[in-house]
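Working notes, beginning with the structure itself.
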Amino acid sequence: MVVARTLPDLDQLDAETLRALLRATHEQLLSHQDEIEHLKLLLAKLRRMQFGRKSEKLERQIEQLELKLEELETAKASRDSQLASVSELSQKPMAQRPARQALPEHLPREVKTYEPKVDACPDCGGHLRRLGEDVSEVLEYVPARFRVIRHVRPKFSCATCEHIVQEPAPSRPIERGLAGPGLLAHVLVAKYCDHQPLYRQSEMYAREGVELERSTLADWVGGTSRLLNPLVEAISRHVLATAKLHADDIPVPVLAPGNGKTKIGRLWTYVRDDRPAGDMTPSAVWFAYSPDRRGEHPRGHLRSFRGFLQADGYAGFHHLYDSGQIQEAACWAHVRRKFYELQVAHASPIAAAAIERIAALYAIESEIRGRPPEERLQVRSTRARPLLESLHQWLEKTLSQVSRKSEIAAAIRYALSRWRALLRYSEDGQPEIDNNAAERALRVVALGRKNYLFCGSDNGGERAAAIYTLIGTAKLNGIDPEAYLRCVLERIAEHPINRIDELLPWNMPVEPQSPLTETHT
């Protein structure tokens, strides 16, 4: 639009033309102000999102190739582990397997001797004489140092009937694997909790004089993730057996098969945490992966759930509320964030007022956190509901006074459009005022994406979801995830599947790693 640089002669204009000119000028000023406000908000968002970027494009491409190879090798190990359960994989010629190197001699050794539990031949009662022994070694990881644990099983034969007596070999998390449960737990936690891809871990271990190829580490990750799947399923059942659930999702780049490019998959998180309502049922988080964000995925995840679903305004959740078996409880933190961004961008007095009113609601919640639902509902009804009614009236009045195209109007409309769901927490003592429990669970994924760059495949996304579930649940229960995984991997290979709940974090006495002794019998 071309705007005249000079005003017309106002003395020659009639009153109606002057009024029209004034209205047009006012609308133009408002439009410019809205555009300025919008640009300031965008700049503020971009400044918060900005982080250091390396200019070495080649280095980034190399990292991407390393990660792609890592995921392919891990997927292969997972498939091989599944085939091993239905075929005699151990009978394959050793030429098909990579040559196994001897464990480094410079590492300290711990010798564990498994003496027979009987002093005489179990067949005829004859005297036992030492025949020899079988020796195998497992590479174990103790925090801050490697150590080789030598498993020694003496063999005895009966002097009368030549019957051989020997203790059976202890089970290993990965059949015929060199890694002990402590080392496997460390590799998983380093990758999925400390955000260290396997090729970087391989470089770190090499500095300690232990050569562990990335392909070997990938074998271990694939094998252990499959071994731990029953435990992940047990956690998902526990998470969904509640009357209040926090849900959220986050995008994760995933390599698209065939073209080397990436697509966008999703990690969904579902959190059970009833402690704010005075319920001491163990908290847990379940992650699920999907190759896209279609609404059919949360519908499948939550097909057995009944109760309050605390989530954002994602349209894929909306169909869940149609039957009335799931009730939406919206998130006040999302509402506050809209006004906070405006306040940061240009110190909006309206945004500041909205933030102050929302803060009063949060102050009430801080006082009743941990109390039973009945008491929480009573306080919310008498103290929070009047504040909510006042806030609703103020938002509607303010919306009528600001430009419809302004950012502050968009923030107000966001709140008013979700008002019924935003009130839900004040009508019952179980829901929370916000969905921060789910957002906290997703932080580990957001941090990991900066190092992973992407998942190598859909199967890699499912493995990540499984390990995130175990690590996140251990953290929610105040348990060191590495210590927990070590204890699980020590037991799970021989643990009855119908008693898998015994391995849940809150059912296991997780103790710190004890110092290694030279000999253990």
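Residues: numbered from 1 along the sequence shown.
The OG1 atom of Thr269 sits 5.0 Å away from the CG atom of Leu442 when rounded to the nearest 0.5 Å. Distance check: Ser304 OG to Leu302 CG gives 8.0 Å after rounding to the nearest 0.5 Å. Note that the CD1 atom of Ile358 and the CG atom of Leu388 stand 10.0 Å from one another [nearest 0.5 Å]. Taking CG from Leu485 and CG from Leu503, the interatomic distance works out to 11.5 Å, rounded to the nearest 0.5 Å. Separation of atoms OH (Tyr199) and OG (Ser202) is listed at 11.5 Å; rounding is to 0.5 Å. The CD1 atom of Ile471 sits 10.0 Å away from the CG atom of Asp480 when rounded to the nearest 0.5 Å.
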For Arg147 and Glu140, what are the C-alpha separation, side-chain angles and deciding distance, and is it a side-chain contact (heavy atoms from CB on, under 4.5 Å)?
CA-CA 6 Å; Arg147 179 170 290 193; Glu140 179 60 290; 5.7 Å; no
Run the salt bridge (Lys or Arg N to Asp or Glu O under 4.0 Å) test on Glu365 and Arg380 for me, step by step, so that the C-alpha distance in whole Å, both residues' side-chain angles and the decisive distance to 0.1 Å come before the verdict.
CA-CA 8 Å; Glu365 291 304 302; Arg380 288 169 174 175; 2.7 Å; yes
side-chain contact (heavy atoms from CB on, under 4.5 Å), that's the test. Do Val285 and Val239 meet it? Break it down for me.
CA-CA 7 Å; Val285 55; Val239 167; 5.8 Å; no
For Glu432 and Arg376, run salt bridge (Lys or Arg N to Asp or Glu O under 4.0 Å): C-alpha distance rounded to whole Å, both residues' side-chain angles, the deciding distance at 0.1 Å, then the answer.
CA-CA 10 Å; Glu432 304 306 316; Arg376 281 156 51 104; 2.9 Å; yes
Evaluate side-chain contact (heavy atoms from CB on, under 4.5 Å) for Glu407 paired with Ser348, printing each intermediate quantity in order.
CA-CA 10 Å; Glu407 296 290 342; Ser348 165; over 6 Å; no
Could you go through Asn459 and Ser457, starting from their C-alpha distance and side-chain angles, then the distance that decides it, and tell me whether this counts as side-chain hydrogen bond (donor to acceptor under 3.5 Å, both in side chains)?
CA-CA 5 Å; Asn459 288 336; Ser457 64; 5.0 Å; no
Please test Arg200 against Asp194 for salt bridge (Lys or Arg N to Asp or Glu O under 4.0 Å), starting from the C-alpha separation and ending with a verdict.
CA-CA 12 Å; Arg200 293 181 187 167; Asp194 300 329; over 6 Å; no
Trace of the side-chain contact (heavy atoms from CB on, under 4.5 Å) decision for Val187 with Thr224
CA-CA 10 Å; Val187 170; Thr224 52; over 6 Å; no
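Using a 30° and 60° split on the angle between ring planes, His301 and Tyr270 fall in the perpendicular class, above 60°. Using cut-offs of 30° and 60° on the angle between ring planes, the pair His297 and Trp268 is tilted. Ring geometry for His318 against Tyr321 counts as tilted: the plane angle lies between 30° and 60°, on a 0 to 90° scale. Aromatic ring pairs are classed by plane angle as parallel below 30°, tilted from 30° to 60° and perpendicular above 60°; the pair Tyr205 and Tyr141 is tilted.
Among all heavy-atom pairs drawn from Ala493 and Pro173, the shortest one is CB-CA, 4.5 Å. What you find for Asp434 and His246 is that their closest heavy atoms are O-CE1, 3.6 Å. Listed here is the closest heavy atom pair of Arg299 and Leu320: CA-CD2, 3.8 Å. Of all the heavy atoms in Thr242 and Phe305, the pair that sits closest is O-CE1, 3.2 Å. Arg463 and Gly222 make their closest contact through CD-CA, 4.5 Å (heavy atoms, listed as atom of the first residue, atom of the second, distance). Residues Asn435 and Ala311 approach most closely at ND2-CA, 3.8 Å, considering heavy atoms.
Taking the side chain as every heavy atom from C-beta outward, Leu184 and Pro181 never approach each other to under 4.5 Å. Residues Gln430 and Asp279 are not in side-chain contact: their nearest non-hydrogen atoms beyond the backbone lie 4.5 Å or more apart. Residues Arg369 and Arg275 have side chains not in contact (no heavy-atom distance under 4.5 Å, counting atoms from C-beta outward). Contact annotation: the side chain of Leu470 never approaches that of Leu188 to less than 4.5 Å [non-hydrogen atoms, C-beta and beyond]. In this structure the side chain of Phe287 never reaches within 4.5 angstrom of the side chain of Val232, judged on heavy atoms. Looking only at side-chain heavy atoms (C-beta outward), Trp286 and Leu240 come within less than 4.5 Å of each other. Between Tyr192 and Val221 there is a side-chain heavy-atom pair separated by less than 4.5 Å. Looking at Arg383 and Glu367, their side chains come closer than 4.5 Å, going by heavy atoms from C-beta outward.
Judged by distance alone, the side chain of Arg226 and the main-chain N or O of Gly223 form no donor-acceptor pair under 3.5 Å. Between the side chain of Arg424 and the backbone N or O of Glu328 there is at least one donor-acceptor pair closer than 3.5 Å. Listed for the Thr473 side chain is a donor-acceptor partner under 3.5 Å among the backbone atoms of Thr469. Looking at Asn477, its side chain does come within 3.5 Å of a backbone N or O of Ser283 through a donor-acceptor pair. The backbone N or O of Leu423 lies less than 3.5 Å from a partner atom in the side chain of Ser426, making a donor-acceptor pair. Listed for the Asp292 side chain is a donor-acceptor partner under 3.5 Å among the backbone atoms of Arg294. Between the side chain of Lys244 and the backbone N or O of Asp273, at least one donor-acceptor pair lies under 3.5 Å. Not a single donor-acceptor pair under 3.5 Å links the side chain of Arg293 to the backbone N or O of Arg266. A donor-acceptor distance shorter than 3.5 angstrom exists from the side chain of Gln201 to the backbone of Gln196, with no hydrogens or angles considered.
Evaluation of the side chain to side chain donor-acceptor pair (under 3.5 Å) rule for Glu389 yields no partner, not counting sequence neighbours.
Residue Arg404 qualifies as open at atom CZ: its count of foreign heavy atoms under 6.0 Å is 12 or below. Around atom CD of Gln378, no more than 12 heavy atoms belonging to other residues, nucleotides or ligands sit under 6.0 Å away. Annotation for Gln401: atom CD counts as buried by contact number, over 12 foreign heavy atoms lying within 6.0 Å.
Two rings, from Phe308 and Tyr425, have their centers 6.0 Å or more apart.
When each of Arg491, Met508, His495 is paired with Glu502, the side-chain contact (heavy atoms from CB on, under 4.5 Å) condition holds for His495 and for no other.
The stretch residues 382-419 participates, sequence neighbours left out, in these ring-ring contact (aromatic ring centres under 6.0 Å, His included) pairs: Trp332-Trp419, His392-Trp419.
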